[in-house]
Amino acid sequence: MSISSRPKAPQSINELLSRIDDIAGLTVGDLANKYQFKTPKDLLREKGWIGQLIEWVLGAMAGSKPEPDFINLGIELKTLPISYAGKPLETTFVSVVPLKELQGLTWQNSPVKKKLNHVLWLPILSERDIAIEQRIIGSGFLWQPSHYEEALLRRDWEQQIEMIALGEIEKINGKLGQVLQIRPKAANAKALTDAIGPNGKIIQTLPRGFYLKTNFTADILKAQFSL
DNA sequence: TCGTGATCATTC
DNA sequence: GAATGATCACGA
């Protein structure tokens, strides 16, 4: 496979889907070589490496802006590490959790709903016993939450946001939520941020993120591939 | 410090 | 083995 330069942003959903089809079945190493990325031995110090490689390959505009990866198409790209059995190996990060100034925040205008409005899922066979470069890109597909899926997400979101508004962030752990959980999302234990504490007092706590539990993404995969 | 990309590592 | 808690890199 020859070397290629930086892909331009796809101008249509069909163009994006075409690119997805083109890379299905390739290994991470194939893509890395084609675009001159140096594949790391492991992901210990570069946990988001595969995701960023895929973004580049598909022409997603890199950056840490809180916007969809394909802004002109309104589509969010999510790589999904899967096992030999085709089940998700990890939860899926969605967005940071607001821990203060929650007035006016509703499910309808929430970042979680916006992020999950239209997702391009790209499964990647990522068992730990497979070298990074040998991991296989699967068949990506577009997804939008069904009414039922949205209801599940909304219920979990509202329950946990309410706890945060009541100053109960420290009572929230990863066990809460049927499909959407809140867990730490921080550089390390020393990275703290403001949050509403008991009695409305501002406290310092670990930044948190919303994550989709694996049962939720497993069902999305099942619906997509078992038809 | 926050938001992007996530997986690692320990516990259950 | 699955799930929760902790962590890594980078750009603005």
Side-chain angles (χ1 to χ4, degrees), chain A residues 9 28 31-32 35 37-71 75-101 110-112 114-116 119-133 135 137-138 140 156 160 169-195 202-219 221:
Chain A
V28 166
L31 287 184
Y35 294 96
F37 276 65
K38 183 176 177 8
T39 306
K41 291 280 187 294
D42 58 62
L43 300 179
L44 247 173
R45 308 191 72 80
E46 297 176 78
K47 298 178 180 178
W49 187 82
I50 294 179
Q52 302 194 322
L53 168 66
I54 299 296
E55 279 194 342
W56 176 278
V57 168
L58 294 179
M61 294 302 111
S64 57
K65 299 181 296 294
E67 295 173 342
D69 297 297
F70 301 99
I71 185 70
I75 292 173
E76 176 74 16
L77 170 68
K78 288 290 181 194
T79 57
L80 187 59
I82 59 171
S83 65
Y84 292 117
K87 300 182 70 175
L89 287 166
E90 297 288 347
T91 54
T92 302
F93 172 71
V94 178
S95 70
V96 297
V97 177
L99 299 176
K100 52 171 187 156
E101 296 165 13
S110 70
V112 172
K114 288 195 173 77
K115 279 279 185 63
L116 298 179
V119 178
L120 172 56
W121 294 104
L122 186 58
I124 297 180
L125 183 57
S126 290
E127 291 276 9
R128 290 211 196 178
D129 64 6
I130 305 177
I132 308 299
E133 64 176 11
R135 297 187 180 181
I137 314 297
D156 289 347
Q160 293 173 90
I169 178 62
E170 303 294 13
K171 292 184 181 177
I172 295 178
N173 59 43
K175 297 180 183 62
L176 265 53
Q178 181 180 333
V179 298
L180 186 70
Q181 65 180 177
I182 289 178
R183 304 214 313 278
K185 167 65 168 166
N188 55 56
K190 296 182 179 114
L192 300 176
T193 189
D194 288 351
I202 294 295
I203 61 171
Q204 292 292 112
T205 192
L206 219 49
R208 314 297 167 92
F210 280 113
Y211 296 81
L212 297 177
K213 291 191 170 186
T214 54
N215 60 340
F216 188 75
T217 46
D219 284 349
L221 291 176

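Convention: sequence-line order gives letters A, B, ...; per-chain numbering from 1.
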Exercise. Which part of the nucleic acid, if any, lies within reach of A/Gly51 when heavy atoms closer than 4.0 Å are counted: base, sugar-phosphate only, or nothing?
Worked result: sugar-phosphate

Exercise. Rounded to the nearest Å, what distance is computed from the CH2 atom of residue A/Trp56 to the P atom of nucleotide C/dA9?
Worked result: 21 Å

Exercise. Looking across every strand, which nucleic acid part, if any, lies under 4.0 Å from A/Lys87 by heavy atom: base, sugar-phosphate, or nothing?
Worked result: nothing

Problem set entry | 5'-most by nearest nucleotide on DNA chain C - A/Glu90 or A/Ala186 | A/Glu90

Exercise. Taking the side chain of A/Leu43 as its heavy atoms from C-beta onward, which of B/dT7, B/dG5, C/dA9 lies nearest to it?
Worked result: B/dT7

Problem set entry | Between B/dT7 (C1') and A/Leu80 (CG): distance, integer Å | 13 Å

Exercise. Are any of A/Arg183's side-chain N or O atoms less than 4.0 Å away from OP1 or OP2 of C/dG5?
Worked result: no

For this session: Please check the phosphate of C/dT4 (OP1 and OP2 only) for any side-chain N or O of A/Gln181 closer than 4.0 Å.
Result: yes

For this session: Kindly indicate whether the side chain of A/Lys185 and the base of B/dT4 share any N or O donor-acceptor pair separated by less than 3.5 Å?
Result: yes

For this session: Using a 4.5 Å cut-off on heavy atoms from C-beta on, say whether the side chain of A/Tyr84 contacts that of A/Asp129.
Result: yes

Problem set entry | Spacing of A/Glu46 atom CD relative to B/dC8 atom C1', expressed in whole Å | 14 Å

Problem set entry | Interatomic distance where CG belongs to A/Asp42 and P belongs to C/dC8 [whole Å] | 13 Å

Exercise. Which sits closer to the 5' end of DNA chain C, A/Thr91 or A/Pro207, going by the nucleotide each is nearest to?
Worked result: A/Thr91

For this session: Provide, to the nearest angstrom, the distance between the CD1 atom belonging to A/Ile172 and the C1' atom belonging to C/dA6.
Result: 18 Å

Exercise. So, is A/Thr214 near the phosphate of C/dA2, with a side-chain N or O under 4.0 Å from OP1 or OP2?
Worked result: no

Exercise. Which part of the nucleic acid, if any, lies within reach of A/Asp69 when heavy atoms closer than 4.0 Å are counted: base, sugar-phosphate only, or nothing?
Worked result: sugar-phosphate

Exercise. Within less than 4.0 Å of OP1 or OP2 of B/dA6, is there a side-chain N or O belonging to A/Thr92?
Worked result: no

Problem set entry | Beyond-backbone contact of A/Leu120 with A/Asp69, side-chain heavy atoms, under 4.5 angstrom | no

For this session: Tell me what A/Glu67 touches on the nucleic acid: a base, only sugar-phosphate, or nothing, going by heavy atoms under 4.0 Å.
Result: nothing

Exercise. Taking only side-chain nitrogens and oxygens of A/Lys78, does any of them come within less than 4.0 Å of OP1 or OP2 of B/dG5?
Worked result: yes

Exercise. C/dG1 P sits how many Å from A/Asn215 CG, rounded?
Worked result: 20 Å

For this session: Test A/Leu212 against every option in A/Val119, A/Asp156, A/Val179, A/Val94 by the side-chain contact (heavy atoms from CB on, under 4.5 Å) rule and name the one that passes.
Result: A/Val94

For this session: Ignoring hydrogens and angles, answer whether the base of B/dA6 and the side-chain atoms of A/Tyr211 contain a donor-acceptor pair closer than 3.5 Å.
Result: yes

Exercise. Can you find a pair of side-chain heavy atoms, one from A/Glu90 and one from A/Tyr211, that are under 4.5 Å apart?
Worked result: no

For this session: Report yes if some heavy atom in the side chain of A/Leu176 is under 4.5 Å from a heavy atom in the side chain of A/Ile182; otherwise report no.
Result: no

For this session: Can you tell me the distance, in whole Å, between the CD atom of A/Gln178 and the P atom of C/dT4?
Result: 13 Å

For this session: Answer whether the closest heavy-atom distance between the side chains of A/Trp56 and A/Leu31 falls below 4.5 Å.
Result: no

Exercise. So what does A/Pro66 touch, heavy atoms closer than 4.0 Å: a base, only the sugar-phosphate, or nothing?
Worked result: sugar-phosphate

Exercise. Between C/dC8, B/dC2, B/dT4, which one does the side chain of A/Lys115 approach most closely?
Worked result: B/dT4

Problem set entry | Integer-rounded Å distance: C/dC10 P and A/Arg45 CZ | 9 Å

Exercise. Toward the 5' end of DNA chain B, which comes first, A/Lys190 or A/Phe93, by nearest nucleotide?
Worked result: A/Lys190

